[in-house]
Amino acid sequence: MAFVDFRNVWLAYNDELLAAGHYAVEDISLQVEEGEFIAIVGPSGCGKSTFMKLTTGLKMPSKGSITIGGRPVTGPLKISGMAFQAPSLLPWRTTVDNVLLPLEIVEPYRSSFKSRRKEYEARARELLKSVGLGGYEDKYPWQLSGGMQQRASICRALVHEPKMLLLDEPFGALDAFTREELWCALRDLHAAKRFNVILVTHDLRESVFLADTVYCMSRSPGRFVVKRDIDLPRPRDLEVTYTPEFTDIVHELRGHIGASRKPVGNPAAALPQ
């Protein structure tokens, strides 16, 4: 059984749009195996963030079904963690206290947080150390660079040991060198923990470097039009991004995205299958 299973999912954002047949995403079907890393790419406004809301249970489909971890999705999931483009760390809390926040507010950790704080804090400090933030655990967000803040944000999303990590443009605001450093940090975390990852990104190099499978979405209403398995061997280091094999995949995906941006009605807009 797939860990994430979308079956013919359609979503309209309200009853009026549903009655008019105006959908944000339509006929979404995919199956993601346990431990798999997938990336979603597509033109702006195609429904990538809507797909994330469906995956987290923040939105229920208008039609179709979603099953995650063997259970139908009926509301917000507790087995997932999320990180966004903006780290959104609380400025009055230290780095380690920011990372601990989910354990303070999410059950079953919340009820035992006070009695097990030392254990949980040790977990958070180890996680921060694993992404290169050893020695910065007691610093405040304003004492960290943007890349450091994003590392802490990812640790916060993982501290409660979720089975699935959802990333919505997590590195988009960072410079190229910092972005590549965080690719490697995420690569190593995924290799060590083997949680599922769903990454939404506009960066095709990022998707090919990190993912096992890349899905391309069409322009709105969004649907998956291309599934591309990334057969580059793991573990991958940054040198692979300069190889012809890597570049060919990026160019192939860019062609799909370019085709999906063409206006409706243009005969050249037909996407390759």
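Small disclaimer: the values here were computed from a predicted structure and weren't measured. Numbers for residues simply follow the sequence, beginning at 1.
Pairs passing the salt bridge (charged side-chain N to carboxylate O under 4.0 Å, His left out) check and including a residue from residues 29-55, sequence neighbours excluded, do not occur. Every pair passing salt bridge (charged side-chain N to carboxylate O under 4.0 Å, His left out) that includes a residue from residues 81-94 is listed here, sequence neighbours excluded: Arg93-Glu104. A salt bridge (charged side-chain N to carboxylate O under 4.0 Å, His left out) check over residues 130-139, counting only residues at least two apart or in different chains, returns the pairs Arg125-Asp138.
In this structure, the side chain to side chain donor-acceptor pair (under 3.5 Å) partners of Asp97, at least two apart in sequence or on a different chain, are Thr94, Arg117. Residues satisfying the side chain to side chain donor-acceptor pair (under 3.5 Å) criterion with Arg7, sequence neighbours excluded, are Asp5. Scanning for side-chain contact (heavy atoms from CB on, under 4.5 Å) contacts around Ala211 gives Phe37, Ala39, Val214, with sequence neighbours left out. With sequence neighbours excluded, no residue forms a ring pair (Phe, Tyr, Trp, His ring centres under 6.0 Å) with Phe3. Among residues two or more places apart in sequence or in another chain, the side chain to side chain donor-acceptor pair (under 3.5 Å) test is passed with Asp212 by Arg234. Ser145 pairs by the side chain to side chain donor-acceptor pair (under 3.5 Å) definition with nothing, not counting sequence neighbours.
Between the side chain of Thr213 and the main chain of Asp229, no donor-acceptor pair closer than 3.5 Å is present. The closest donor-acceptor contact from the side chain of Arg254 to the backbone of Leu204 lies at 3.5 Å or more, if one exists at all. When atom types are taken as modelled, the side chain of Ser29 and the backbone of Asn8 share a donor-acceptor pair closer than 3.5 angstrom.
Using a 4.5 Å heavy-atom threshold, the side chains of Leu167 and Leu165 count as touching. Contact annotation: the side chain of Leu158 never approaches that of Cys155 to less than 4.5 Å [non-hydrogen atoms, C-beta and beyond]. Using a 4.5 Å cut-off on side-chain heavy atoms (C-beta onward), Met164 and Thr56 make no contact. At a threshold of 4.5 Å between non-hydrogen side-chain atoms, the residues His202 and Ser44 count as touching. Looking at heavy atoms from C-beta onward, Ile198 lies in side-chain contact with Met52 at the 4.5 angstrom threshold. Side-chain atoms of Asn196 and Lys163, non-hydrogen and from C-beta on, never get closer than 4.5 Å to each other. Looking at Ile249 and Leu253, their side chains come closer than 4.5 Å, going by heavy atoms from C-beta outward. Between Leu103 and Arg116 the shortest side-chain heavy-atom distance does not fall below 4.5 Å.
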Take Leu128 and Tyr136 through the side chain to side chain contact (heavy atoms under 4.5 Å, CB included) test and state the conclusion after the steps.
CA-CA 8 Å; Leu128 286 164; Tyr136 292 90; over 6 Å; no
Using the rule given for side chain to side chain contact (heavy atoms under 4.5 Å, CB included), can you reason through Val32 versus Leu30, listing the C-alpha separation, both sets of side-chain angles and the distance that settles it, and then say yes or no?
CA-CA 7 Å; Val32 182; Leu30 86 162; 3.8 Å; yes
Side chain to side chain contact (heavy atoms under 4.5 Å, CB included) for Thr201 and Asp168? Distances and angles first, verdict last.
CA-CA 7 Å; Thr201 180; Asp168 194 351; over 6 Å; no
Can Ile40 and Leu199 be said to form a side chain to side chain contact (heavy atoms under 4.5 Å, CB included), step by step?
CA-CA 6 Å; Ile40 312 293; Leu199 167 69; over 6 Å; no
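A single hydrophobic cluster is not seen to contain both Ile154 and Val106; linkage of ILVMFWY side chains at heavy-atom distances under 4.5 Å, directly or through other members, places them apart. Placement of Met148 and Tyr140 in two distinct hydrophobic clusters is found when ILVMFWY residues are connected by side-chain heavy-atom separations under 4.5 Å, directly or transitively. Under the 4.5 Å side-chain heavy-atom criterion for grouping Ile, Leu, Val, Met, Phe, Trp and Tyr, Leu101 is not connected to Phe113 through any hydrophobic cluster.
Side-chain contact check for Tyr242 and Thr247: no donor-acceptor pair (N or O, by modelled atom type) lies under 3.5 Å. Side chain to side chain, Ser111 and Glu107 meet the donor-acceptor criterion of an N or O pair below 3.5 Å.
The distance between the ring centers of Phe224 and Phe51 falls below 6.0 angstrom.
In this structure, the separation between CZ on Arg110 and CD1 on Ile105 is 8.5 Å, given to the nearest 0.5 Å. From Leu232, atom CG reaches atom OG1 of Thr243 across 6.5 Å, with rounding to the nearest 0.5 Å. Note that the CE atom of Met217 and the NE2 atom of His256 stand 15.0 Å from one another [nearest 0.5 Å]. For the atom pair CZ (Arg223) and SG (Cys216), the distance works out to 14.5 Å, reported to the nearest 0.5 Å. Once rounded to the nearest 0.5 Å, the distance linking OG of Ser49 with CG of Leu166 reads 11.5 Å. A distance of 4.0 Å separates CZ in Phe6 from CD1 in Ile66, rounded to the nearest 0.5 Å.
Few gaps surround CZ on Arg194; more than 12 heavy atoms of other groups in view lie less than 6.0 Å from it.
Across every non-hydrogen atom of Val25 and Gly47, the tightest pair is CG1-O, 3.8 Å. Listed here is the closest heavy atom pair of Pro162 and Ala157: CG-O, 3.4 Å. Smallest separation of non-hydrogen atoms from Pro141 and Asn98: CG-ND2, 3.8 Å.
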Side-chain atoms of residues 9-24: list all donor-acceptor pairs with protein atoms under 3.5 Å, sequence neighbours left out, distances to 0.1 Å.
residue: Tyr13; atom: OH; partner: Thr50; partner atom: OG1; Å: 2.7
residue: Asn14; atom: OD1; partner: Glu16; partner atom: N; Å: 3.1
residue: Asn14; atom: OD1; partner: Leu17; partner atom: N; Å: 2.7

Enumerate donor-acceptor pairs with a distance under 3.5 Å from any side-chain N or O in residues 170-193 to protein atoms, sequence neighbours excluded.
residue: Asp175; atom: OD1; partner: Phe177; partner atom: N; Å: 3.1
residue: Asp175; atom: OD1; partner: Thr178; partner atom: N; Å: 2.9
residue: Asp175; atom: OD1; partner: Thr178; partner atom: OG1; Å: 3.2
residue: Asp175; atom: OD2; partner: Thr178; partner atom: OG1; Å: 2.7
residue: Arg179; atom: NE; partner: Asp203; partner atom: OD2; Å: 3.4
residue: Arg179; atom: NH1; partner: Leu174; partner atom: O; Å: 2.6
residue: Glu180; atom: OE2; partner: Arg205; partner atom: NH2; Å: 3.2
residue: Glu181; atom: OE1; partner: Arg151; partner atom: NH2; Å: 3.3
residue: Trp183; atom: NE1; partner: Glu206; partner atom: OE1; Å: 2.8
residue: Arg187; atom: NH1; partner: Arg236; partner atom: O; Å: 2.6
residue: His190; atom: NE2; partner: Gly35; partner atom: O; Å: 2.9
residue: His190; atom: NE2; partner: Phe195; partner atom: O; Å: 3.2

For residues 70-91, which side-chain donor-acceptor pairs fall under 3.5 Å, sequence neighbours excluded?
residue: Ser88; atom: OG; partner: Ala86; partner atom: O; Å: 3.4

